[in-house]
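A quick write-up on the structure given underneath.
Labels below follow one simple rule: chain letters A, B, ... track the order of the sequence lines, proteins then strands, and each chain is numbered from 1.
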There are 2 protein chains.
Amino acid sequence: MGMGRPREFDAEMALDQAMEVFWRHGYEGATIAQLTEAMGINPPSLYACFGNKEGLLKAALDRYSKLRGVWMEEVVAAATARDVAERMLMGIADKQTDPANPPGCLLVQGGIACGTGSENVPFELAARRAQNEDQLRDRFIRAKAEGDLKPSSDPAALARYVLAVSVGMGVMASSGADREALRQVASVAVQAVEAQSADRT
Amino acid sequence: MGMGRPREFDAEMALDQAMEVFWRHGYEGATIAQLTEAMGINPPSLYACFGNKEGLLKAALDRYSKLRGVWMEEVVAAATARDVAERMLMGIADKQTDPANPPGCLLVQGGIACGTGSENVPFELAARRAQNEDQLRDRFIRAKAEGDLKPSSDPAALARYVLAVSVGMGVMASSGADREALRQVASVAVQAVEAQSADRT
DNA sequence: CCAGATATGTAGTGTTCACTACAGATGTGG
DNA sequence: CCACATCTGTAGTGAACACTACATATCTGG
């Protein structure tokens, strides 16, 4: 039994192009025509490879989350909770204004609210964001155990806070905020984490 | 010359219903069929009164911003910059989880990313958010002049920061965060403003 | 009571959407 | 070289979309 005609396009490169379209226009705003043109393929190839539009989004999110997860490992490798927050938020400021990508964050731009038939898209994005929150929370739990964060601090609340600021910065970036403006936000935000840190005597 | 047949529905009540649909599904996710059903009218009445879908959104945003502006006046009436931030963020936590409305904030849920033909919807929302940022900034400028905020503080950055947190909380609310979770975020966030406040001796 | 003006309900309009049938192309195993 | 399997391009499919033509209804001014 033969193995059939081989695929003529690179699935990962095509995903990168699809990611950019979703990033810029959101899930509902992105059309199959735009996606296929950006990916350099025709609709049947897209459907054979990814199932349907939502399957393509999930594949793009997987790829995005994977790259992001690697970066988050670098972030939580910082020495203190304060440095984790700073590295995270300053990095977010830079990434979300990187001209190589659309402004903002795919996990936000992808679709915060969706119409009938796409209700689970926002959930899908939220689940990916929650992964990052979990990474931060675990790191802050450790920081508290190490005495880096005050005994009165709440690692889960801190992680949720840092993520909330990240998301807010993403929305601002997508509506035109420049890198310097986002860095200022990050700089202020870090001070809340500092306030939860044990005094360095 | 006669004045014609009078309108049979209340435009403001209809707007409230339309607002809720946009809030829940976003601009692109909301269909004319859903909007007219919620408003209790037929398409010709909608188009005669609001022009088109985007006109309806703008009218809903006007109404939303007006109510919000009144509330913001209460917020900036707080005694100190820290209290302004606390009143704002705690109020946001409550409002965005008020079961009387869809979760989150219309100025975010309305549409962060849109497809071809609706590119200015995100700008429209951003402009409304900017109004709130301006109100906060003016208040923080005053706080700095009064010596409430440190001379080294940056009122514009602080205002942008508080708005970023608000937006981030809105996204979290729309993806299921409960009131207590948002209040914790607000509580942490306020500490950054506290850190910019002059020592109360 | 009539003429002009505006609102309403019914029933569509053309367009765009996500998705696919089908035929031909290109590979593998025997 | 042939049977089989998978991919690719062309050209559509029905459904859903924003929006509207039109006849009718309800008002005001004279």
Exercise. Considering the terminal five base pairs at each end of the helix from C/dC1-D/dG30 to C/dG30-D/dC1, what angle separates the two local helix axes, rounded to 10°?
Worked result: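 End axes: 10° apart.
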Problem set entry | With sequence neighbours excluded, residues passing side-chain hydrogen bond (donor to acceptor under 3.5 Å, both in side chains) with B/Gln96 |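 B/Gln96 satisfies side-chain hydrogen bond (donor to acceptor under 3.5 Å, both in side chains) with no residue once adjacent residues are dropped.
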Integer-rounded Å distance: [N] [atom2] and [X] [atom1]:
X       : N      : atom1 : atom2 : result
A/Glu37 : D/dG9  : CD    : P     : 14 Å
B/Met3  : D/dG30 : CE    : C1'   : 15 Å
A/Asp10 : D/dC7  : CG    : P     : 15 Å
A/Leu46 : C/dC17 : CG    : P     : 15 Å
A/Glu8  : D/dA5  : CD    : P     : 21 Å
A/Phe9  : D/dT6  : CZ    : P     : 15 Å
A/Ile41 : D/dT10 : CD1   : P     : 14 Å

Exercise. According to a strict under-4.0 Å criterion, is B/Ser45 in side-chain N/O contact with OP1 or OP2 of C/dA7?
Worked result: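 No, because none of the side-chain N or O atoms of B/Ser45 sits under 4.0 Å from OP1 or OP2 of C/dA7.
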For this session: Record whether the side chain of B/Arg5 comes under 3.5 Å of the base of D/dA25 through a donor-acceptor pair of N or O atoms.
Result: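 Indeed there is one.
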Under 4.0 Å between a side-chain nitrogen and a carboxylate oxygen: does that hold for [X] and [Y]?
X        : Y        : answer
A/Asp134 : A/Arg137 : yes
A/Asp62  : A/Arg128 : yes
A/Arg142 : A/Asp148 : no

For this session: Sugar-phosphate means primed atoms, P, OP1 and OP2; the rest is base. With that split, encode nucleotides 16-22 of chain D 5' to 3' as B, S or - using protein heavy atoms under 4.0 Å.
Result: -SSBBB-
Is it the case that the side chains of [Y] and [X] hold a donor-acceptor pair, with the cut-off being a distance below 3.5 Å and no angle test?
X        : Y        : answer
A/Gln34  : B/Thr116 : yes
B/Arg160 : A/Gln184 : yes
B/Gln191 : A/Gln196 : yes

For this session: State whether the number of non-hydrogen atoms from other residues, nucleotides or ligands found under 6.0 Å of B/Glu146 atom CD is greater than 12.
Result: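 Correct, the count exceeds 12.
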Exercise. Which heavy atom of B/Leu182 sits nearest a heavy atom of B/Ala177, and at what distance?
Worked result: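 Nearest heavy atoms, B/Leu182 then B/Ala177: CD2-CB, 4.0 Å.
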